[in-house]
Amino acid sequence: MTASASPSAPSAPSKTTSSASNPLILMSSTPARVRFAPSPTGYLHIGGARTALFNWLYARHIGAIFVLRIEDTDAARNTQEATDVILRGLRWLGLDWDEGPVTGDPTGPSRGDRGPYFQSQRGTIYKRRIQELKDRGLAYDDAGAVRFRMRRDPVVIHDQIIGDISRALTDREQEDPDFVIVRSDGLPVFHFVNVVDDIEMGITHVVRGEDHVSNTAKHIALFEAFGVQPPAYAHIPLILNPDGSKMSKRDQGASIQTYIDDGYLPDAVTNYLSLLGWTPKEGGELFTKEEAAQRFELGDVHRSNARFDMKKLEHFHFEHVRRIAPARFVELGVDTLRRLGVNVDAFPPAYTAAALTSVQEKGKLFRELPTWVDFFFLPDDALNFDPEAKAKALVPTARPLLEKLRERYASLADFTATALEAALKQLATDLAVKAGPLVQPCRVACTGRTVGPSLYHLLEILGRERVLARLDHAIAAIPAT
RNA sequence: GGCGCGUUCGUCUAUCGGUUAGGACACGGCCCUCUCAAGGCUGAAAGACGGGUUCGAUUCCCGUACGCGCUACCA
């Protein structure tokens, strides 16, 4: 069987509307409901973000309601701040939810009528459901805990991605098949609350990490115990470290915050993430999440884990950043520069915009922006010459060249990129030298570095006054012979 | 140990039994060039292993190896 082949039963549609194989959905006029149910651990894991993304893509593709539920049963560890981190991460990625919390406050406002959307607020619901199982003889007290009467025969999971899986009891489970659903301290466990919430919230599709496949047998048994048809399941492959090991909290790039801090474009992150474990049938690699949502099919999701490749993510950032509207780039750039302490507000907005736009095509991470444009915002006599650049370009032989260049630029009629280029090349011809010996010292004189935006454009943006001042300053800084 | 899932270039992947096994990132070379890039051209690079089935297997089946997940009164 190929990776893209349909794992479904012969009679079931191979793709598109996996919900069509679910009578519950077919017969109902209520829309499908999809959910992302993170536990607030203090950070949003890249794998969790991708799970959220796939849920979002699928929900948007089929027009389902996307529900966000916070699984904060561990009161000690789950703080409001920890939940805020998740919400912030999802919002940054642009993954909006139709129902769920508005803030990280469990008792705060929420959207939707199936709440509360924090498990910490759903205690009475769980108690009622426990009693229901007990009344039916499907759960019983055991040493202070409550156990569920698990079925002993293999459970078949109809997974939309993996296909049919028959999950038999393990050796340990054979000895003790009835698993705990309420701990002796009174707290219901994950398997139980997860299923109860999915029932109460009317979840029709569960899209989650492959690490839950084995658990799904328990969940299905629980659904059956409640007399409810289980949702359609889709288990997506995991994201691994570059070396193939499991990506954990400490690993580089594990937290979404990394990408926020480094200044990646959210669309680049979602684009890259969507391609880790999914390929659109129609082909193509570069797209927005909205475009991805149009094409997203669970049947096209892969079955094997993928390793994370930061270089490729950077490439997607490069491609996306060059495509966004200049105004948007400027907006993001100004935010970043302010945050990193560059004094942009002392300059006219048009100047700042021009300065930033000159490097948009470089496609750099926003965090790297100061390296490329900080010279625009420094006093003319306070440029920090990169030592290597200075040693290489601001040498005695460059002095007469710079002096001549200053002369020409001082008397230039139009201080525009084309005129600046023409004047420099004319001077090179007149002096019988190549352009390089003029270009490099001029660049270092005006920017302090050997790399940067296009020289003539940068000069035009700086303007005659600054350029002449910088040339003077550089000429004075050239060591005597 | 048990129960599951997986295995195509370094990485992400295409391939619905017959292909010179294609693309992207990364890497090398050439061209272009005001720096760095970008762009164009180009190079190297893959079917884990062993059995079947078949006229023919990367593709279907079995086994082995390896990887991953689960195996909690964690989620």
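In the text below, chain A, chain B and the rest are named by the order of the sequence lines, each starting its count at 1.
- The distance from atom CZ of A:Phe148 to atom P of B:C73 is 15 Å, rounded to the nearest whole Å.
- For the pair A:Arg50 and A:Phe54, the distance from NZ or CZ to the six-membered ring centre is under 6.0 Å and the angle to the ring normal is within 45 degrees.
- Looking at heavy-atom distances under 4.0 Å, A:Asn215 makes contact with a base.
- Using a 4.0 Å heavy-atom criterion, one finds that A:His235 contacts no nucleic acid atom at all.
- Residue contacts for A:Ala143: at a heavy-atom cut-off of 4.0 Å it reaches a base atom on one of the strands shown.
- Taking the C1' atoms as reference points, B:G29 lies 15 Å from B:A45, given to the whole Å.
- Of all nucleotides present, only B:U71 satisfies the Watson-Crick or G-U wobble test against B:G1, with each distance under 3.5 Å.
- For A:Thr170, no side-chain nitrogen or oxygen approaches OP1 or OP2 of B:C70 to under 4.0 Å.
- Each of B:U35, B:A75, B:G39 was ranked by its minimum atom distance to the side chain of A:Glu319; first place goes to B:G39.
- Pair assignment for B:U64: B:A48, on the basis of Watson-Crick or G-U wobble contacts that are both within less than 3.5 Å.
- For the P atoms, the distance from B:G28 to B:U64 is 43 Å, rounded to whole Å.
- Regarding contacts with the backbone of B:A38, every side-chain N or O of A:Arg323 stays at 4.0 angstrom or more from both OP1 and OP2.
- For a distance-only test at 3.5 Å, the side chain of A:Lys362 qualifies as a donor-acceptor partner of the base of B:C36.
- Note on A:Lys246: only backbone sugar-phosphate atoms sit closer than 4.0 angstrom, heavy atoms only; bases stay farther off.
- Expressed to the nearest 0.5 Å, how far OG1 of A:Thr41 lies from CD1 of A:Ile86 amounts to 5.5 Å.
- Taking 4.0 angstrom as the limit, A:Lys311 places none of its side-chain polar atoms (N or O) nearer than this to OP1 or OP2 of B:U11.
- Backbone-only engagement by A:Leu275 is indicated by non-hydrogen atom pairs under 4.0 Å involving sugar-phosphate atoms exclusively.
- Remark: A:Lys289 is positioned above the aromatic ring of A:Trp56, its terminal NZ or CZ atom under 6.0 angstrom from the ring centre and at most 45 degrees off the axis.
- Using a 4.0 Å heavy-atom cutoff across all strands shown, A:Glu285 reaches at least one base atom of the nucleic acid.
- With a 6.0 Å cutoff to the six-membered ring centre and a 45° limit on the axis angle, A:Arg129 counts as a cation-pi contact of A:Phe226.
- For the pair A:Arg307 and B:G67, the criterion of a side-chain N or O lying under 4.0 Å from OP1 or OP2 is not met.
- Between B:U8 and B:C49, the distance separating the two C1' atoms is 15 Å to the nearest Å.
- Taking atom CD of A:Glu173 as the reference point, atom P of B:G2 lies 14 Å away to the nearest angstrom.
- No donor-acceptor contact under 3.5 Å links the side chain of A:Lys312 to the base of B:A26.
- Put simply, the side chain of A:Ser214 and the base of B:G69 share a donor and an acceptor less than 3.5 Å apart.
- Using a 4.0 Å heavy-atom cutoff across all strands shown, A:Pro453 reaches at least one base atom of the nucleic acid.
- As rounded to whole Å, 11 Å separates atom C1' of B:U15 from atom NZ of A:Lys281.
- Within 4.0 Å of A:Ser304, counting heavy atoms only, lie sugar-phosphate atoms of the nucleic acid but no base atom.
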task = I would like to know whether A:Arg449 and A:Thr371 meet side-chain hydrogen bond (donor to acceptor under 3.5 Å, both in side chains); could you show each step before the answer?
result = CA-CA 9 Å; A:Arg449 297 194 178 88; A:Thr371 310; 5.2 Å; no
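- For A:Asp380 and A:His473, the side-chain atoms include no donor-acceptor pair closer than 3.5 Å.
- Of all nucleotides listed (B:C5, B:U35, B:C74), B:C74 comes nearest to the side chain of A:Arg183.
- Using a 4.0 Å heavy-atom distance criterion, A:Arg167 is classed as a sugar-phosphate-only contact.
- Nucleotide B:U8 has no partner under the Watson-Crick or G-U criteria, as no pair reaches both atom distances under 3.5 Å.
- When both distances must be under 3.5 Å, the Watson-Crick or G-U wobble mate of B:G43 is B:C27.
- For B:C32, there is no paired nucleotide, since no Watson-Crick or G-U wobble pair has both relevant distances below 3.5 Å.
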